[in-house]
Q: 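Let me give you the structure first, and then I'll get to my questions.
Convention: sequence-line order gives letters A, B, ...; per-chain numbering from 1. Nothing here was measured: the structure is a model prediction, and the numbers come from that model.
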There are 2 protein chains.
Amino acid sequence: MATPFRFEELAGRPCPIAASLEVVGERWSLLVVREVSLGNHRFSEIARGTGAPRDRLAARLRALVEAGVLERRPLSESPGRAGYFLTESGRDLLPALQALLQWGNRWLADEPPVVLEHHDHRVDAEWVCRTCGEPVAASPVERVLTPAGRRLSGR
Amino acid sequence: MATPFRFEELAGRPCPIAASLEVVGERWSLLVVREVSLGNHRFSEIARGTGAPRDRLAARLRALVEAGVLERRPLSESPGRAGYFLTESGRDLLPALQALLQWGNRWLADEPPVVLEHHDHRVDAEWVCRTCGEPVAASPVERVLTPAGRRLSGR
DNA sequence: CTCGCTGGTTTGATTTCCGAACCGAATGAG
DNA sequence: CTCATTCGGTTCGGAAATCAAACCAGCGAG
């Protein structure tokens, strides 16, 4: 990670979810990541795809680059102009976006406007543990406070 | 779903991710869901766990109940008082929260403050297609605009 | 009847967000 | 080369969301 997040400055419990949301939870941030992942790298493309006001978009892009989620570098096709690209950290946000996509399709849409497909069928994904191969929802999952977490919880 | 989301009112492209964020993307909303999922059902518990200001918390709880993510009903232990509980829609948000947790642990924390465990090992999950069993990241995923989506894209 | 706790609401100041206008640098048309 | 246009923002003034702190009503305990 670029500079480790200051968990001790979180308002509530010291939790990586809260930390993530401090970084990518502001309005438009995740939509910017979505848009870049769709291959739209230029300011104007991202503005159109998200619908964000230009000043907000500029602020978000700056913050996301600062946070190491995006990288700003010259476009190969038109040098002199720069574009925004996902870093590895940014690519690693895609599962979260997909979870939101699946939730929106399931709970907000009569008929989903977009779906993901692979191998000629619609993707209906679930979260599976890499280590034991079991779907996470299937077994009771325990939330364990690490020593670092205990230190942060003030004790 | 309760009342289908108005995709046509979205600023950018008609996308279930954007729709989801309209519903649960405001500040504190996802942390409220996290807190309730941890078994904290009372206003004061949720306030403490999230750190949200009380008026914002009240507004979010109202909106989440309205959106069908939470349900407000009397607490069995102290009748007369009410508490907040996850609906099925709310429980279905947990994968998204877990994705954010994993991202935060990986990219923001030197040492993660909390981790998920099951079967005596740490959960390291990936997104796997229920239909074909393949990890979604492994194969190229195509984003398909449905007829409904085409209608919304204005044509 | 009073006291303290719970679950909010109200208030007034601060911050964020917004749409629209503006601007300099790069690009493209003639 | 010149001029107009596009691109990638920044600036502006107003509207909306957020915040901390104070306030308040209902309830149960004493």
Q: Judged by atom type as modelled, is there a donor-acceptor pair below 3.5 Å linking the side chain of B:T146 to the main-chain atoms of A:P113?
A: yes
Q: Under a 4.5 Å side-chain heavy-atom rule over Ile, Leu, Val, Met, Phe, Trp and Tyr, are A:V136 and A:L94 clustered together?
A: yes
Q: Salt bridge or not for A:E117 and A:R122, using N-O below 4.0 Å?
A: no
Q: Is it true that B:E88 and A:R106 make a salt bridge, defined as a side-chain N closer than 4.0 Å to a carboxylate O?
A: yes
Q: Do side-chain atoms of B:N105 reach the backbone of B:V115 as a donor and acceptor pair under 3.5 angstrom?
A: no
Q: With the 4.5 Å side-chain cut-off for hydrophobic clustering, are B:F43 and B:F85 part of the same group?
A: no
Q: Just to be sure I understand the geometry, which residues of residues 16-24 of chain B put a non-hydrogen atom under 4.0 Å away from DNA chain C?
A: none
Q: Can you list, in residue-number order, the parts of residues 33-44 of chain B that come under 4.0 Å of DNA chain C, counting heavy atoms only?
A: B:R42, B:F43, B:S44
Q: Between B:L64 and B:L97, is there a shared hydrophobic cluster once you connect ILVMFWY residues whose side-chain heavy atoms come closer than 4.5 Å?
A: yes
Q: Residues in side chain to side chain contact (heavy atoms under 4.5 Å, CB included) with A:R13, at least two apart?
A: A:C15, A:R143, B:R34, B:E35, B:L38, B:N40
Q: Need to verify one output field. Residue with the more 5' nearest nucleotide on DNA chain C, A:S78 or B:A59?
A: B:A59
Q: Taking only N/O atoms, report every protein-nucleotides 14-21 of chain D pair under 3.5 Å with atom names and distance.
A:
from   : atom 1 : to    : atom 2 : distance (Å)
D:dT18 : OP1    : B:R60 : NH2    : 3.1
D:dT18 : OP2    : B:R56 : NH1    : 3.0
D:dT18 : OP2    : B:R60 : NH2    : 2.5
D:dC19 : OP1    : B:R27 : NH1    : 2.7
D:dC19 : OP2    : B:W28 : NE1    : 2.7
D:dC19 : N4     : B:D55 : OD2    : 3.3
D:dA20 : N6     : B:D55 : OD2    : 3.4

Q: Could you tell me how far apart B:R72 (CZ) and C:dG7 (P) are, to the nearest whole angstrom?
A: 9 Å
Q: Please report the end-to-end axis angle for the helix from C:dC1-D:dG30 to C:dG30-D:dC1, five pairs per end, rounded to 10 degrees.
A: 20°
Q: In this structure, how many angstroms lie between the P atom of C:dG7 and the CD atom of B:E45, rounded?
A: 8 Å
Q: Would you say that more than 12 heavy atoms from the other residues, nucleotides or ligands in this model lie under 6.0 Å from the CZ of A:R6, or not?
A: no
Q: Mind telling me whether A:H118 and A:H121 have parallel, tilted or perpendicular rings, with 30° and 60° as the class edges?
A: perpendicular
Q: Heavy atoms under 4.0 Å is the rule here; annotate nucleotides 25-30 of chain D 5' to 3' with B where the base is hit, S where only the sugar-phosphate is, and - elsewhere.
A: ------
Q: Less than 4.5 Å apart, any side-chain heavy atom of A:E126 and any of B:P95?
A: no
Q: Please check: side-chain N/O of B:W127 versus main-chain N/O of A:A99, any donor-acceptor pairing under 3.5 Å?
A: no
Q: Rounded off to whole Å, could you give me the CG-to-P distance for the B:L61 and C:dT6 pair?
A: 16 Å
Q: Salt bridge between B:E8 and B:R151, side-chain N to carboxylate O under 4.0 Å?
A: no
Q: What's the separation between atom CD1 in B:I17 and atom CD in A:Q102, rounded to the nearest 0.5 Å?
A: 11.0 Å
Q: For B:L145, is there any backbone N or O sitting under 3.5 Å from a side-chain donor or acceptor partner on B:R150?
A: yes
